[in-house]
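Structure first, then comments.
Numbers for residues simply follow the sequence, beginning at 1. Every heavy atom of this structure was used, including side-chain atoms; hydrogens, water molecules and symmetry mates were not.
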Amino acid sequence: MPDTPARPELLGELGERIIEVFRHLQAEVTVPREGLVHVTRSESDIMRIVMEIPGTTVTEIARAFGQHKSNTSTRVAALVDKGLLRKESAAADGREVRVFATPAAIENLEKYRDVWAEELDPVTPEDAERLAATVETLAAIADALAARTRVGEPPRG
């Protein structure tokens, strides 16, 4: 049996594999499907942030992607038009806007989870324990990365 690679090598490969899987699953979101609200890749990115941090501002979303606020505001407006987001004034002067997912967005995500399950079913282990451990590990990583971002640590790069 070959030696287990060192932790940094394993973590590097884990990151690479996550991106590979993401690329395939992301494509499923950007393809129009009957009964689902189609979103662009940029809109999908915005939806992920708003689902993770309800009430985030347009400015914070723009900052997270390194985009101009006007571009982000246009994409948020498109998602409002699609019924996936709602906006609320964040300040007394009404200049800042907080963004929230709608019940339709939650339903749309659940439908996409069904699509992803169909895509992943034939290519994942049958062993429920291995699958559960994988989900648990990826959830812990995602939660830790999100928490690090929420407390203001800038992305490393």
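Counting heavy atoms from C-beta on, the side chains of Ile141 and Leu14 come closer than 4.5 Å. Side-chain contact between Thr134 and Leu138 is present, with heavy atoms from C-beta onward closer than 4.5 Å.
Here the closest heavy-atom approach between residue Val39 and residue Ser44 is recorded as CG2-CB, 4.0 Å. Listed here is the closest heavy atom pair of Val31 and Tyr112: O-OH, 4.3 Å. The minimum heavy-atom distance linking Ala78 with Glu43 is given by the pair CB-OE2, 3.4 Å. When all heavy atoms are compared, the tightest approach of Ala62 to Lys69 is CB-CA, 3.9 Å. Residues Val50 and Val99 come closest through the heavy atom pair CG1-O, 3.7 Å. Across every non-hydrogen atom of Met47 and Leu84, the tightest pair is CE-O, 3.9 Å.
Contact check on Glu88 versus Arg86 returns a salt bridge, with a Lys/Arg side-chain nitrogen under 4.0 Å from an Asp/Glu carboxylate oxygen.
Both Met51 and Val115 belong to a common hydrophobic cluster when Ile, Leu, Val, Met, Phe, Trp and Tyr are linked at side-chain heavy-atom distances under 4.5 angstrom. No path of Ile, Leu, Val, Met, Phe, Trp and Tyr side chains, each step under 4.5 Å between heavy atoms, connects Ile106 with Phe100, placing them in separate hydrophobic clusters. When hydrophobic clusters are built by joining Ile, Leu, Val, Met, Phe, Trp and Tyr residues whose side-chain heavy atoms come closer than 4.5 Å, directly or via intermediates, Val58 is grouped together with Phe65.
Interatomic distance, CD1 of Ile61 versus CZ of Arg98, reported as 10.5 Å (0.5 Å rounding). To the nearest 0.5 Å, the span separating NE2 on His38 from CG on Asn108 amounts to 11.0 Å. How far CG of Leu120 is from NE2 of His24: 10.5 Å, rounded to the nearest 0.5 Å. Annotation: the span from Thr4 atom OG1 to Glu9 atom CD amounts to 10.5 Å, rounded to 0.5 Å. Note that OG1 of Thr74 and CG of Leu79 are 11.0 Å apart. Values are rounded to the nearest 0.5 Å. The CD atom of Glu110 sits 11.5 Å away from atom CG of Leu36, with the distance rounded to the nearest 0.5 Å.
Listed by chain and number, the residues in a side-chain contact (heavy atoms from CB on, under 4.5 Å) with Val21 are Leu25 (sequence neighbours excluded). Evaluation of the salt bridge (Lys or Arg N to Asp or Glu O under 4.0 Å) rule for Arg48 yields Asp45 as partners, not counting sequence neighbours. Under the rule for a side chain to side chain donor-acceptor pair (under 3.5 Å), Arg63 has no partner lying at least two apart in sequence or in another chain.
The closest donor-acceptor contact from the side chain of Lys87 to the backbone of Ala77 lies at 3.5 Å or more, if one exists at all. No donor-acceptor pair closer than 3.5 Å links the side chain of Lys82 to the backbone N or O of Val37.
The environment of CD in Glu20 is crowded: more than 12 heavy-atom neighbours from other residues, nucleotides or ligands sit within 6.0 Å.
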